[in-house]
Colleague: 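Structure in structure tokens, see below.
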Protein chains: 2
Amino acid sequence: MKHTGFLLARMGHVAAKQFAGRMEELGLTTRMWGALNVLDAEGALTQQALGKCTGIDPSSMVSTVDDLEAAGLVERRRHPSDRRAHAIHITEQGREALSRGRQLARGAQEDLLAPLSAQERKQLHELLLRLVIATKPKGVTTDQVHKK
Amino acid sequence: MKHTGFLLARMGHVAAKQFAGRMEELGLTTRMWGALNVLDAEGALTQQALGKCTGIDPSSMVSTVDDLEAAGLVERRRHPSDRRAHAIHITEQGREALSRGRQLARGAQEDLLAPLSAQERKQLHELLLRLVIATKPKGVTTDQVHKK
DNA sequence: TATTGTTATACTCTATAACTATA
DNA sequence: TATAGTTATAGAGTATAACAATA
């Protein structure tokens with residue numbers, strides 16, 4: 001119990017597992033969830049760009065998009081200017097899944113942080129955010145299919 | 001960047017990977033490190049007991065102890081009263097590895113928490129500790145080979 | 001020549017089940 | 001009958017390398 005790093009690793013694992021368990025109810029993996037969120041925020045992207053945003057390897061992205069498409073949450077459409085690439089679009093069903101998923105995520109977070117007061121949760125969030133920002137100095141460009 | 005649970009999972013992963021990288025310099029995996037620490041704190045244990053303390057599956061414990069023994073950090077000795085079981089003893093070399101490892105761990109933690117002030121680190125530690133305690137309601141009995 | 005998506009493959013990590021020798 | 005350690009095996013999860021189509 002001595003090291004903060006150990007506590008961090010332990011709780012991180014707990015949080016990830018608990019979150020994955022909730023998403024499973026929606027038929028989503030953590031990777032699918034991450035990709036869906038990025039598509040919702042950024043608009044249609046190529047698989048390569050999606051991989052850069054989510055940290056998913058291009059070869060792993062194939063099966064991730066396969067799964068999302070099989071569930072009707074995204075569509076592979078033709079890229080307007082590059083016939084090698086796909087433009088991955090989120091569907092209406094995808095947006096609905098996101099909405100339900102966000103509710104589940106809120107519930108999961110509520111359970112996870114139950115031992116802390118509102119003020120303590122805010123403290124924890126800010127401390128973690130500063131650590132995450134410090135460890136992520138790489139600027140990822142989005143490579144959107146349609147410019148915003 | 002919205003959810004605290006997400007930040008927790010992200011930083012936990014970073015912390016675990018960074019720690020594993022440091023321990024690799026000593027030829028140790030995270031599992032070997034965990035087992036070595038428990039043996040140092042609790043005295044000689046059976047592989048089963050060691051598995052319960054560290055959360056390592058009995059079958060995985062075999063190779064973990066194999067690796068530790070090959071590195072000269074522990075010894076499988078005869079259990080005084082149960083000829084099925086081994087008594088795993090930490091060696092002098094094992095204690096030296098622990099000592100060096102603890103230095104590395106301090107350095108790793110220093111790097112990880114560099115963005116935070118001393119007071120903020122203490123805050124973070126206490127918040128995480130309360131979360132960890134809340135998610136771990138199971139009392140593990142040690143099953144020591146020699147009573148203390 | 002380089003890049004996109006794809007496939008096949010290998011590698012890591014871990015858990016499950018069966019086996020042996022003891023209890 | 002149950003338990004400690006072991007082995008073999010299988011299953012995730014992920015990364016690597018090679019390939020076809022296209023840039």
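Below, all heavy atoms of this structure are taken into account, side chains as well, without hydrogens, waters or symmetry copies. Every chain is numbered from 1 and lettered A, B, ... according to where its sequence line falls, protein lines coming before strand lines. Since the structure is predicted, the reported quantities are computational estimates derived from the model, not experimental observations.
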Colleague: I'd like to know whether CD of B:Q119 has more than 12 heavy-atom contacts from other residues, nucleotides or ligands below 6.0 angstrom.
Modeller: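 Count not over threshold, so no.
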
Colleague: Checking A:S60 side chain against A:I56 main chain: does a donor-acceptor pair fall under 3.5 Å?
Modeller: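 Here the side-chain-to-backbone pair does not exist.
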
Colleague: Could you tell me the separation between the CD1 atom of A:I88 and the C1' atom of C:dT6, rounded to a whole number of Å?
Modeller: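 Spelled out: CD1 on A:I88 to C1' on C:dT6 is 13 Å.
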
Colleague: Hey, is the side chain of B:Q48 poking within less than 4.0 Å of OP1 or OP2 on D:dA4, counting only N and O atoms?
Modeller: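 Yes, within the criterion.
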
Colleague: In whole angstroms, how far is the P atom of C:dT3 from the NE2 atom of A:H86?
Modeller: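 To the nearest whole Å, that distance equals 19 Å.
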
Colleague: C:dT6, OP1 or OP2 - any side-chain N/O from A:R76 closer than 4.0 Å?
Modeller: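 For C:dT6, OP1/OP2 do have a side-chain N/O of A:R76 under 4.0 Å.
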
Colleague: Nearest-Å distance, CE (A:M61) to C1' (C:dG5)?
Modeller: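 Going from A:M61 (CE) to C:dG5 (C1'), I get 12 Å.
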
Colleague: If only side-chain N and O atoms count, and only distance matters, is there a donor-acceptor pair under 3.5 Å linking B:E96 with B:S99?
Modeller: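 No, no side-chain donor-acceptor contact under 3.5 Å.
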
Colleague: May I have the distance from B:E69 (atom CD) to D:dT6 (atom C1'), rounded to whole angstrom?
Modeller: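 Atom-to-atom, B:E69 to D:dT6, this comes out as 14 Å.
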
Colleague: Output one letter per nucleotide in nucleotides 14-23 of chain D: B when a protein non-hydrogen atom lies under 4.0 Å from the base, S when only the sugar-phosphate is that close, - when neither is.
Modeller: SBB----BBS

Colleague: Does the side chain of A:Q47 pick up a donor-acceptor pair with the side chain of A:R76 at under 3.5 Å?
Modeller: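 There is such a pair (donor and acceptor under 3.5 Å, judged by atom type) between the side chains of A:Q47 and A:R76.
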
Colleague: Between A:E110 and A:R121, does a salt bridge (Lys or Arg N to Asp or Glu O under 4.0 Å) hold up when you go through it step by step?
Modeller: CA-CA 10 Å; A:E110 180 57 41; A:R121 293 178 200 194; 3.2 Å; yes

Colleague: Quick one, A:N37 and A:T54 - any side-chain contact, counting heavy atoms below 4.5 Å?
Modeller: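 A side-chain contact is absent here, since even the closest heavy-atom pair is not under 4.5 Å.
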
Colleague: Could you state the CG-P distance from B:L50 to D:dT6, rounded to the nearest angstrom?
Modeller: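 Taking CG of B:L50 and P of D:dT6, I get 12 Å after rounding.
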
Colleague: What is the distance from NE2 of B:H79 to P of D:dA4, rounded to the nearest Å?
Modeller: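 Computing the B:H79:NE2 to D:dA4:P distance gives 10 Å.
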
Colleague: What is the distance, rounded to the nearest whole Å, between atom CD of B:Q47 and atom C1' of D:dT3?
Modeller: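 Result: 13 Å.
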
Colleague: Are B:R106 and B:D111 close enough, and set up right, to give a salt bridge (Lys or Arg N to Asp or Glu O under 4.0 Å), and what steps lead you there?
Modeller: CA-CA 9 Å; B:R106 271 192 293 273; B:D111 291 351; over 6 Å; no

Colleague: One thing to verify: whether A:K52 and A:D57 come together as a salt bridge, which I'm taking to mean a side-chain N less than 4.0 angstrom from a carboxylate O.
Modeller: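 No, this pair does not count.
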
Colleague: So what is the end-to-end bend of the helix from C:dT1-D:dA23 to C:dA23-D:dT1, with 5 pairs used at each end and the value given to 10 degrees?
Modeller: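 Computed from the C1' atoms at both ends, the axes differ by 10°.
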
Colleague: Are B:L73 and B:V62 connected into the same hydrophobic cluster when the rule is that any two of I, L, V, M, F, W, Y join if their side-chain heavy atoms are below 4.5 Å apart?
Modeller: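 Per the 4.5 Å side-chain linkage, B:V62 and B:L73 are not co-clustered.
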
Colleague: Please give, in whole Å, the distance from C:dG5 C1' to A:R77 CZ?
Modeller: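 So the two atoms are 19 Å apart, to the nearest Å.
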
